[in-house]
Number of protein chains: 2
Amino acid sequence: MPKVVDRAQQRRDIGAALLRLLAREGLEEVSVRTVAAEAGRSAGAVQKYFSSKDELLRFALDLTGERATERLLRVDPAGPTKDVLRRYVEATLPLDEDRRAEAVVWAAFAVRGALRADFGAVLAEVDREVRGHLAELLGAALAAGRIRQDLDPFAVADALIAVSDGLSVRLLYNPDDQAVLLTALDTALTALLGAGTDEL
Amino acid sequence: MPKVVDRAQQRRDIGAALLRLLAREGLEEVSVRTVAAEAGRSAGAVQKYFSSKDELLRFALDLTGERATERLLRVDPAGPTKDVLRRYVEATLPLDEDRRAEAVVWAAFAVRGALRADFGAVLAEVDREVRGHLAELLGAALAAGRIRQDLDPFAVADALIAVSDGLSVRLLYNPDDQAVLLTALDTALTALLGAGTDEL
DNA sequence: CCGTTTAGAATACGAGTGTATCCCAAAAGC
DNA sequence: GCTTTTGGGATACACTCGTATTCTAAACGG
């Protein structure tokens with residue numbers, strides 16, 4: 001009897017429009033009406049799928065987490081440990097328009113997470129997964145004797161995440177320093193893994 | 001003839017109220033009226049000192065930069081290089097309410113700087129100064145043979161800033177991981193400077 | 001002490017906000 | 001093909017926003 005559509009897909013479409021808008025104009029420009037316009041719908045249509053603005057933002061945050069995870073899963077895990085890790089980090093750095101958009105969204109939600117525990121919990125969970133993944137990778141390299149033997153995989157993983165996030169934020173407002181900051185990434189990777197291992 | 005007040009001081013007072021509010025409630029709660037209320041004044045009074053909201057935010061950003069610089073200048077520069085650097089980094093990490101407030105403000109403006117070049121320029125300038133300061137410190141330690149001799153002071157400085165910023169952001173939305181993240185800071189410092197130098 | 005200048009409060013205005021409600025058209029089951 | 005359910009557009013409402021304007025009271029120079 002009813003007119004039926006794919007609700008999940010509609011939500012994803014609207015969420016995608018929100019992320020586009022957020023990356024382009026910033027969080028303060030996000031409203032039910034502007035998101036609806038970006039999605040090519042009326043404000044009422046958006047309301048059918050998200051009963052409040054908060055729910056809309058929460059969904060957009062989850063969507064960003066999914067996208068980040070997907071991007072990390074696409075990274076080629078073959079080759080020297082340092083190169084693999086560099087690829088992981090570069091997968092999240094704002095080095096082109098797509099990654100920049102994601103980084104803007106991530107940073108905007110990070111700030112929101114500083115004051116709203118429910119948003120912070122989502123980000124913390126994403127970190128926890130990435131940290132586990134990196135530590136696993138480092139543990140394997142450790143067991144194979146391909147990196148320095150005195151490393152703590154989790155501590156190195158946390159340090160890498162920090163470097164990645166720090167470079168990401170700085171690239172956002174200072175894209176001119178891209179070359180310099182990629183050098184810094186290389187320095188950090190070399191230092192953290194121990195210079196000249198992996199070739200042994 | 002006129003009724004006269006210390007305009008610069010009034011601006012600083014209002015700016016301080018803005019930073020308090022921003023740290024406590026987030027950027028989206030900052031308006032001319034809420035800032036005025038936080039400062040114990042009327043909205044009209046705020047308008048006398050800041051002709052637009054944008055000017056108000058710009059001033060608050062400058063004020064945050066000054067505060068960060070002051071905090072860094074108060075760091076004790078004596079002792080082993082690694083300890084000094086740890087103190088510098090910890091001076092900016094959100095490890096108590098004051099530093100947390102500053103970190104929230106900084107992060108909020110960083111996101112704004114991603115989309116508004118004029119805000120980004122202020123942040124880039126602060127980074128430039130900190131980077132120069134750190135590189136100078138590292139250069140001196142290098143000349144004195146107290147750290148690994150193959151280090152590039154500027155690359156290490158950039159890596160340190162990245163680690164610091166990354167840890168800062170993550171601590172904002174995930175304060176429970178404080179102990180783990182301070183371990184990661186130690187790991188990063190040790191790795192970047194070369195384990196076991198400085199004691200030589 | 002008076003006239004002038006400014007601080008600062010109050011008010012007004014148009015625009016945009018989130019949300020609630022109403023209405024119509026489209027789709028599916030009988 | 002009619003009825004019923006729903007998608008989705010339109011509208012309404014109360015509120016906040018940034019900014020412009022207007023007003024009063026206080027402080028200084030003559």
Side-chain angles (χ1 to χ4, degrees), chain A residues 1-22 24-63 108-109 111-112 115-116 118-119, chain B residues 1-22 24-63 108-109 111-112 115-116 118-119:
Chain A
M1 359 177 168
K3 173 178 174 181
V4 68
V5 298
D6 184 344
R7 287 193 72 85
Q9 186 55 45
Q10 299 281 355
R11 282 171 67 96
R12 293 186 74 85
D13 286 353
I14 295 171
L18 165 51
L19 295 187
R20 276 200 307 278
L21 181 67
L22 176 48
R24 177 159 36 87
E25 317 249 6
L27 194 48
E28 66 264 30
E29 292 302 320
V30 170
S31 76
V32 175
R33 288 166 179 83
T34 56
V35 169
E38 178 74 26
R41 297 151 199 261
S42 75
V46 173
Q47 279 186 286
K48 287 282 169 176
Y49 294 102
F50 301 96
S51 60
S52 73
K53 181 181 180 179
D54 233 72
E55 192 189 328
L56 179 56
L57 291 178
R58 287 293 305 272
F59 181 79
L61 175 56
D62 290 338
L63 202 56
F109 281 122
V111 172
R112 200 177 180 85
L115 296 144
R116 293 267 319 250
D118 49 347
F119 282 81
Chain B
M1 2 177 173
K3 173 177 172 183
V4 68
V5 298
D6 184 345
R7 286 192 73 85
Q9 185 56 44
Q10 300 280 357
R11 281 171 68 97
R12 293 186 76 86
D13 286 353
I14 295 171
L18 165 51
L19 294 187
R20 277 198 308 277
L21 181 68
L22 175 49
R24 177 159 37 88
E25 316 249 7
L27 194 49
E28 66 264 31
E29 293 302 320
V30 170
S31 76
V32 175
R33 288 168 179 81
T34 56
V35 169
E38 178 75 25
R41 298 151 198 261
S42 74
V46 173
Q47 279 187 291
K48 287 282 168 175
Y49 293 102
F50 301 95
S51 60
S52 75
K53 182 182 181 180
D54 233 73
E55 192 189 330
L56 179 57
L57 291 178
R58 288 293 306 273
F59 182 79
L61 176 56
D62 290 339
L63 202 56
F109 280 122
V111 173
R112 200 176 180 84
L115 297 145
R116 294 265 322 247
D118 48 347
F119 282 81

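A note on names: the letters A, B, ... follow the listed sequences, proteins ahead of strands, and every chain is numbered from 1. Heavy atoms only: backbone and side chains are in, while hydrogens, waters and symmetry mates are out.
Axis orientation changes by 10° from one end of the helix from dT4(C)-dA27(D) to dC30(C)-dG1(D) to the other, with each end axis drawn from 5 pairs and the value rounded to 10°.
Side-chain contact between R116(A) and L57(A) is absent, with no heavy-atom pair separated by less than 4.5 Å. Taking 4.5 Å as the limit, every side-chain heavy atom of V111(A) sits out of range of all side-chain heavy atoms of F109(B). Taking 4.5 Å as the limit, some side-chain heavy atom of R112(A) sits within range of a side-chain heavy atom of L27(A).
For R58(B), the CZ atom is densely surrounded, since the number of other residues' heavy atoms within 6.0 Å is greater than 12.
Atom CZ of F50(B) and atom P of dC17(D) are 18 Å apart (whole Å). Summarising the geometry, the separation between CG on D13(A) and P on dG8(D) is reported as 10 Å, rounded to the nearest angstrom. When rounded to the nearest whole Å, the span between CG of D6(B) and P of dC28(D) equals 13 Å. At whole-Å resolution of the value, CG in L21(B) and C1' in dT16(D) are 15 Å apart. Rounded to an integer number of Å, the gap from E25(B) CD to dC17(D) P is 12 Å.
In this model, the phosphate group of dA7(C) is approached by a side-chain N or O of R7(B) to a distance below 4.0 Å at OP1 or OP2. Note on Y49(B): a side-chain N or O is less than 4.0 Å away from OP1 or OP2 of dG8(C).
R11(A) places a side-chain N or O within 3.5 Å of a backbone atom of Y49(A) that can act as its donor or acceptor partner.
The closest side-chain donor-acceptor pair between D6(B) and Q10(B), if any, does not fall under 3.5 angstrom.
In this structure, F59(A) and F50(A) have tilted ring planes: the angle between them lies in the 30° to 60° band.
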Q.
Generate the contact string for nucleotides 17-22 of chain C. Rules: B means base contact, S means sugar-phosphate contact only, - means no protein heavy atom under 4.0 Å.
A. BBBB--
Q.
Between R12(B) and L63(B), is the side-chain contact (heavy atoms from CB on, under 4.5 Å) condition met? List the steps.
A. CA-CA 8 Å; R12(B) 293 186 76 86; L63(B) 202 56; 3.7 Å; yes
